[in-house]
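Input: a single structure, listed below in structure tokens.
For ligands, and for the atoms within them, numbers begin at 1 and follow the listed sequence.
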Amino acid sequence: MENLIERAANDLLHSKYAIALTGAGISTESGIPDFRGPKGIWTTDKEAEAKAYKRYELFLSDPKAYWEEILGFKGTYGRFYTEIRKAEPNPGHYALAELERLGIIKCVITQNIDGLHKKAGSENIIEYHGSVNKLRCVSCGSRYEFDEVSLENLPPRCKCGGIMKYDVVHFKEPIPLDVVEKSGKEASECDLMLICGTSAVVYPFAGLPRMAKLRPGVKIIEVNAEPTPLTYEGISDYLIQGKTGEILPRVVEEVKKRL
Ligand code: APR
Ligand code: ZN
């Protein structure tokens with residue numbers, strides 16, 4: 001483990017354009033359950049998963065009922081959203097913010113909707129699956145902070161007259177174009193990807209490392225509690241297996257020793 005942490009520190013220091021990709025695993029140490037880990041939401045509640053797969057269809061067919069469901073979340077999903085609102089960043093989030101401050105990590109592309117990277121001080125963040133703190137107009141793409149929109153009349157409407165949905169991207173929902181463009185640009189410019197706390201099975205996000213790996217010389221480092229398809233298929237150069245909240249701060253320490 002020790003020399004993999006030193007190796008990651010060296011690789012980061014020699015990189016010209018390193019970015020980080022993160023998933024639910026980086027937030028479990030903040031008390032938010034992941035989805036497919038042993039205690040994950042989908043692992044423990046198949047019904048919640050089945051409902052999640054129908055949520056976008058519900059929005060398309062009956063946006064009022066969709067909002068009533070979102071605002072009335074109970075059970076697993078209700079707890080999930082409550083945990084998210086209460087959560088604070090952990091050392092894993094702070095380590096990535098520090099690497100950005102040191103000028104080493106240029107951008108964080110996260111699947112997480114919890115807003116914890118921003119809370120930890122990261123600045124250049126792409127929320128690939130949206131945010132619990134925002135609403136998005138499906139006509140013009142404008143985003144609003146949750147508390148600046150009245151939810152008296154459902155579904156809420158944008159200034160352009162368009163219907164607004166939760167900014168969170170649901171299963172089967174297309175990733176907003178601005179997000180696809182920005183993350184595609186980062187993935188095509190980076191020479192190192194530090195992938196933290198994701199099972200790397202959900203597309204199109206899981207396609208980003210594969211796209212980057214097509215270019216010669218791009219390094220892909222995983223930090224995860226268990227191997228993923230990126231590990232098994234040799235897309236990543238190496239996996240540092242363990243908790244992001246323990247490993248990432250040690251990587252920062254090693255980087256600082258070498259600065
Ligand atoms: N440190 C490192 N790895 C961890 C930790 C931790 N503290 N906790 C969990 N993990 C690992 C799990 O072992 C698992 O491999 O993080 C991974 C989390 O994977 P998922 O639960 O599948 O989460 P994610 O990859 O982010 O899911 C992608 O799927 O459900 C949708 O939209 C949702 O954004 C989400 C997407
Ligand atoms: Zn609009």
Side-chain angles (χ1 to χ4, degrees), residues 1 20-46 48-53 55-56 76-77 80 84 87 89-93 95-96 108-114 116-117 126-132 134-144 149 155-173 175-176 179 194-209 221-232 236 239-251:
M1 167 84 84
L21 272 60
T22 70
I26 199 168
S27 293
T28 55
E29 292 160 86
S30 294
I32 304 173
D34 62 12
F35 299 94
R36 297 171 191 81
K39 297 197 200 93
I41 297 178
W42 306 151
T43 314
T44 55
D45 190 338
K46 290 295 169 202
E49 187 178 22
K51 266 197 161 175
Y53 272 87
R55 195 148 290 131
Y56 186 53
T76 304
Y77 238 67
F80 176 60
I84 286 185
N90 67 63
H93 298 103
L96 292 180
V108 174
I109 311 178
T110 185
Q111 295 169 94
N112 301 344
I113 59 177
D114 54 33
L116 292 183
H117 286 297
I126 300 173
E127 294 177 307
Y128 200 85
H129 291 158
S131 165
V132 289
K134 296 180 187 141
L135 284 75
R136 176 167 32 91
C137 169
V138 293
S139 303
C140 71
S142 302
R143 292 183 179 84
Y144 297 75
V149 175
R157 296 263 174 186
C158 169
K159 289 192 188 78
C160 79
I163 291 179
M164 293 209 275
K165 65 176 292 299
Y166 219 7
D167 184 40
V168 173
V169 176
H170 304 299
F171 287 117
K172 301 178 194 160
E173 178 181 355
I175 304 291
V179 169
L194 182 63
I195 306 182
C196 312
T198 179
S199 58
V201 296
V202 173
Y203 284 77
F205 185 90
L208 295 172
I221 307 168
E222 287 182 281
V223 179
N224 204 53
E226 57 190 330
T228 74
L230 299 176
T231 330
Y232 295 122
S236 63
L239 161 71
I240 311 179
Q241 191 161 354
K243 291 188 169 183
T244 47
E246 291 165 10
I247 292 168
L248 294 173
R250 289 168 60 190
V251 171

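Heavy-atom distances between P38 and ligand 1 stay at or above 4.0 Å for every pair. Assignment of Y128 to the shell around ligand 1 is not supported, since no heavy atom sits closer than 4.0 Å. Within the 4.0 Å heavy-atom cutoff, F171 counts among the residues contacting ligand 1. Residue contact check for ligand 1: G197 places a non-hydrogen atom closer than 4.0 Å to it.
The single protein non-hydrogen atom nearest to atom 19 (O) of ligand 1 is S199 N, 3.2 Å, given as residue, atom name and distance. From the protein, the heavy atom lying nearest to atom 14 (C) of ligand 1 is E226 OE2, 3.4 Å. Here the protein heavy atom with the shortest distance to atom 23 (O) of ligand 1 is A24 CB, 3.5 Å. Scanning the protein heavy atoms around atom 25 (O) of ligand 1, the nearest turns out to be T198 OG1, 2.6 Å. With hydrogens left out, the protein atom closest to atom 11 (C) of ligand 1 is N224 OD1, 3.4 Å, a heavy atom. Shortest contact from atom 27 (O) of ligand 1 to any protein heavy atom: R36 NH1, 3.0 Å. Annotation: atom 9 (C) of ligand 1 to nearest protein heavy atom, D34 OD2, 3.2 Å. When hydrogens are left out, the protein atom nearest atom 28 (C) of ligand 1 is Q111 OE1, 3.1 Å; that is the closest non-hydrogen contact.
Using cut-offs of 30° and 60° on the angle between ring planes, the pair F171 and W42 is tilted.
Two residues are said to be in side-chain contact when any heavy atoms from C-beta on lie closer than 4.5 Å; I175 and F205 fail this criterion. Here the side chains of C158 and M164 are in contact, with some heavy-atom distance below 4.5 Å. In this structure, the side chains of L230 and N224 stay at 4.5 Å or more apart for every pair of heavy atoms. In this structure the side chain of Y128 reaches within 4.5 angstrom of the side chain of L208, judged on heavy atoms. Contact check for L248 versus P91: no side-chain heavy atoms found under the 4.5 Å cut-off.
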(request) Start with the C-alpha distance between H129 and N112, add both sets of side-chain angles, then the distance that settles side chain to side chain contact (heavy atoms under 4.5 Å, CB included), and finish with yes or no. (result) CA-CA 7 Å; H129 291 158; N112 301 344; over 6 Å; no
(request) Might you work through the side chain to side chain contact (heavy atoms under 4.5 Å, CB included) test for L96 and L194, ending with a clear yes or no? (result) CA-CA 10 Å; L96 292 180; L194 182 63; 3.9 Å; yes
(request) Give the intermediate values and the outcome of side chain to side chain contact (heavy atoms under 4.5 Å, CB included) for residues T228 and V201. (result) CA-CA 8 Å; T228 74; V201 296; over 6 Å; no
(request) Evaluate the criterion side chain to side chain contact (heavy atoms under 4.5 Å, CB included) for residue pair R36 and V202; output intermediate values, then yes/no. (result) CA-CA 11 Å; R36 297 171 191 81; V202 173; 3.3 Å; yes
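Remark: side-chain polar atoms of S27 are not paired, donor with acceptor, to backbone N or O of A24 under 3.5 angstrom.
Considering backbone and side-chain atoms together, V169 places no N or O closer than 3.5 Å to any N or O of ligand 1. Some N or O of H129 is nearer than 3.5 Å to an N or O of ligand 1, by distance alone.
Take a cut-off of 2.8 Å around the Zn ion (ligand 2): the protein N, O or S atoms inside it are C137 SG, C140 SG, C158 SG, C160 SG.
Each of H93, Q111, H117 was scored for a side chain to side chain contact (heavy atoms under 4.5 Å, CB included) with T22, with one residue passing: H117. Results of the salt bridge (Lys or Arg N to Asp or Glu O under 4.0 Å) test with E127 over K134, R143, R136 single out K134 as the only residue that passes.
Around atom 3 (N) of ligand 1, the closest heavy atom drawn from G25, G23, A225 belongs to A225. Proximity annotation for atom 36 (C) of ligand 1: of T110, V202, V223, V202 comes nearest, heavy atoms only.
Within the 4.0 Å heavy-atom criterion, the part of E29 lying near ligand 1 is the side chain and not the backbone. Contacts of T28 with ligand 1, taken as heavy-atom pairs under 4.0 Å, involve the side chain alone.
Counting only N and O atoms by type, the side chains of S131 and D167 include no donor and acceptor under 3.5 Å apart.
Heavy-atom proximity to W42, at under 4.0 Å, picks out these atoms of ligand 1: 30 (O).
For K39, the NZ atom sits in a loose shell: 12 or fewer heavy atoms of surrounding residues, nucleotides or ligands are nearer than 6.0 Å.
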